[in-house]
Amino acid sequence: MNETTLPPGSPNPAVDASCSPAIPDGILAVIFDFDGTLADTTANQEQSLRAALQPYGLDLDTDWYRRHFGLSIHDLLAALPGAQQLPHDEIIRRSRAHLLAHMHTIAPIACSVALLHAARKAGLPCAVASAASRILVHPGIEALGLSPQFEAVVTREDAARGKPAPDPFLEAARRIGVPPERCLAVEDAPDGIASAIAAGMHVLRVIDGHLAPTGESAEDIGSLPSGAGGPMPPGCALGRAAARRAATRNGPASVPAPPTADSDR
């Protein structure tokens, strides 16, 4: 039996066809979250944090963790019941060591990667806006073979405030020179979706490995702030999106830069 193995980061025609990603009219760029959006890292992240908390006798409730997955580990520990008085720096060090040791095991989320390749084929710049630290995000992107696809990568050290504040997405838009309202954000977590909407972007949500406009899926997203469930504008073919970009983009947009965040805050 002959099977063709695609190298990491390569588009899969079968997946492209099944996902059928559509980009709305007027969109000039696509900005992706990383964990849970481009890469299926939820289980690895949860296992690593649980292992790091174990020496302190604190268990990690799976339901709680899945509701807060979009937060950075710093914000997770600040919000986690019973963890406020624990040595956060040591827990983070242990968790990251575990994650880095298993980085080669992360898997891409096929529909998100298909959208990425479709956007790049249409000539749209793409970026990453992640709540995680650069020490994890850059190796993760490299492990998936996707580094050449992004014009900018924004991590928690690059924005004054993390998600759900809009800063990470605004910084990504500023770096690629596209107004936020002309960006399509791709996210999986409520805090990330709230961040993208606060930045004024259109949003696709990753649900069970598939892409859905916010407010048009079967999943209850009532935890999102008011306005976060509004439907996206009508979709269009990728070719029309590229044509609109070529016709309307007249140089870098002016997007204010947020203050620089303290590293590893």
Visitor: Quick one: closest heavy-atom pair of A173 and C183, and the distance?
Guide: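 Minimum heavy-atom contact is CB-SG, 4.1 Å.
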
Visitor: Look at the side chain of H74 and the backbone N and O of H88, then say whether any donor-acceptor pair between them is shorter than 3.5 Å.
Guide: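 Side chain of H74 to backbone of H88, a donor-acceptor pair under 3.5 Å: no, none is there.
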
Visitor: To the nearest 0.5 Å, what is the distance between CZ on R93 and NE2 on H98?
Guide: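 It is 13.0 Å, given to the nearest 0.5 Å.
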
Visitor: Let me confirm one number: the CG-CZ distance from L170 to R175, rounded to the nearest 0.5 Å.
Guide: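 Going from CG on L170 over to CZ on R175, the span is 12.5 Å.
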
Visitor: Determine, stepwise, if the pair E90 / Y56 fulfils side chain to side chain contact (heavy atoms under 4.5 Å, CB included).
Guide: CA-CA 11 Å; E90 178 60 18; Y56 303 97; 3.3 Å; yes

Visitor: Are D35 and L136 packed together at the side-chain level, in the sense that at least one heavy-atom pair is separated by less than 4.5 angstrom?
Guide: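 They are not in contact (no side-chain heavy atoms under 4.5 Å apart), so the answer is no.
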
Visitor: Is any side-chain heavy atom of P139 closer than 4.5 Å to a side-chain heavy atom of H104?
Guide: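 No, their side chains stay 4.5 Å or more apart.
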
Visitor: At their closest point, which heavy atom of A165 faces which heavy atom of R161, and how far apart are they?
Guide: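 Scanning both residues completely, I find the closest heavy atoms to be CB-CB, 3.7 Å.
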
Visitor: How many angstroms lie between CD1 in I92 and OG in S48, if you round to the nearest 0.5 Å?
Guide: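 Separation between the atoms: 13.0 Å.
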
Visitor: Is the closest side-chain heavy-atom distance between L60 and L80 below 4.5 Å?
Guide: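 They are in contact (side-chain heavy atoms under 4.5 Å apart), so the answer is yes.
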
Visitor: Identify whether V137 and V206 are in the same connected component of the hydrophobic contact network (ILVMFWY, side-chain heavy atoms under 4.5 Å).
Guide: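 As far as the 4.5 Å side-chain criterion goes, V206 and V137 are connected within one cluster.
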
Visitor: Once rounded to the nearest 0.5 Å, what's the spacing between atom CG of L38 and atom CG of D40?
Guide: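 So the gap between those two atoms works out to 11.5 Å.
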
Visitor: Below 4.5 Å, heavy atoms only, C-beta onward: do L124 and V178 meet side chain to side chain?
Guide: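 L124 does not reach V178 side chain to side chain.
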
Visitor: Heavy-atom distance under 4.5 Å between the side chains of S130 and R156, does that happen here?
Guide: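 Not touching, per the 4.5 Å side-chain cut-off.
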
Visitor: Measure the CG-NZ distance between D191 and K163 for me, rounded to the nearest 0.5 Å.
Guide: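 Those atoms lie 9.0 Å apart.
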
Visitor: Over all heavy atoms of both residues, which pair between I207 and A212 is shortest? Give the atoms and the distance, please.
Guide: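 Taking I207 first and A212 second, the nearest heavy atoms are CD1-CB, 4.5 Å.
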
Visitor: May I ask you to say whether D158 pairs ionically with R134, meaning some side-chain N is under 4.0 Å from a carboxylate O?
Guide: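 Counted as a salt bridge, because a side-chain N and a carboxylate O are separated by less than 4.0 Å.
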
Visitor: Check for me, please, whether I193 and V154 land in the same ILVMFWY cluster - side-chain distances under 4.5 Å, paths through other members count.
Guide: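 Looking at the clustering, V154 is in a separate group from I193.
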
Visitor: Measure the spacing between SG of C111 and CG of L211 and express it to the nearest 0.5 Å.
Guide: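 The CG atom of L211 is 5.5 Å from SG of C111, to the nearest 0.5 Å.
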
Visitor: Hey, are the side chains of F32 and C126 touching, using non-hydrogen atoms and a 4.5 Å cut-off?
Guide: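 Counting from C-beta outward, F32 and C126 do come under 4.5 Å.
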
Visitor: When hydrophobic residues are tied together by side-chain contacts of less than 4.5 Å, even through go-betweens, does I109 share a cluster with L204?
Guide: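 Shared cluster, yes.
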
Visitor: Any non-hydrogen side-chain atom of F150 less than 4.5 Å from a side-chain atom of P125?
Guide: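 Answer no - side chains too far apart.
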
Visitor: May I ask whether F34 and L115 are part of the same hydrophobic cluster, defined by side-chain heavy atoms of I, L, V, M, F, W, Y residues being less than 4.5 angstrom apart, directly or through others?
Guide: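 Yes: a chain of side-chain contacts under 4.5 Å links F34 to L115.
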
Visitor: Please evaluate residues Q45 and L99 with respect to the criterion side chain to side chain contact (heavy atoms under 4.5 Å, CB included), reporting the C-alpha separation (whole Å), side-chain torsions for both, the decisive distance (0.1 Å), and the verdict.
Guide: CA-CA 7 Å; Q45 296 267 13; L99 283 170; 3.3 Å; yes

Visitor: Which pair of non-hydrogen atoms, one from E187 and one from G192, has the smallest distance, and what is that distance?
Guide: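 Answer, listing the atom of E187 first, then G192: OE2-CA, 3.2 Å.
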
Visitor: Could you give all pairs that pass the salt bridge (Lys or Arg N to Asp or Glu O under 4.0 Å) test and reach residues 47-61, with sequence neighbours left out?
Guide: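 Listed by first then second residue: E46-R50, R50-D59.
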
Visitor: Do S133 and E157 pass the side chain to side chain contact (heavy atoms under 4.5 Å, CB included) test, and can you show the C-alpha distance, the side-chain angles, and the key distance before you say yes or no?
Guide: CA-CA 7 Å; S133 172; E157 294 88 354; 2.5 Å; yes

Visitor: Is there side-chain contact between Q149 and H117, with at least one heavy-atom pair below 4.5 Å?
Guide: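 They are in side-chain contact.
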
Visitor: Could you walk me through whether L77 and L86 pass the side chain to side chain contact (heavy atoms under 4.5 Å, CB included) check?
Guide: CA-CA 9 Å; L77 290 174; L86 298 181; over 6 Å; no

Visitor: Under 6.0 Å from the CD atom of Q84, do we count more than 12 heavy atoms belonging to anything else shown?
Guide: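 Check passes, neighbour count above 12.
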
Visitor: On a heavy-atom basis, which atom in Y65 and which in L76 lie closest, and how many Å separate them?
Guide: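 Closest approach of Y65 to L76, heavy atoms only: CE1-CD1, 3.9 Å.
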
Visitor: Minimum heavy-atom separation for M201 and P180, please, with both atom names.
Guide: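 Taking M201 first and P180 second, the nearest heavy atoms are CG-O, 3.2 Å.
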
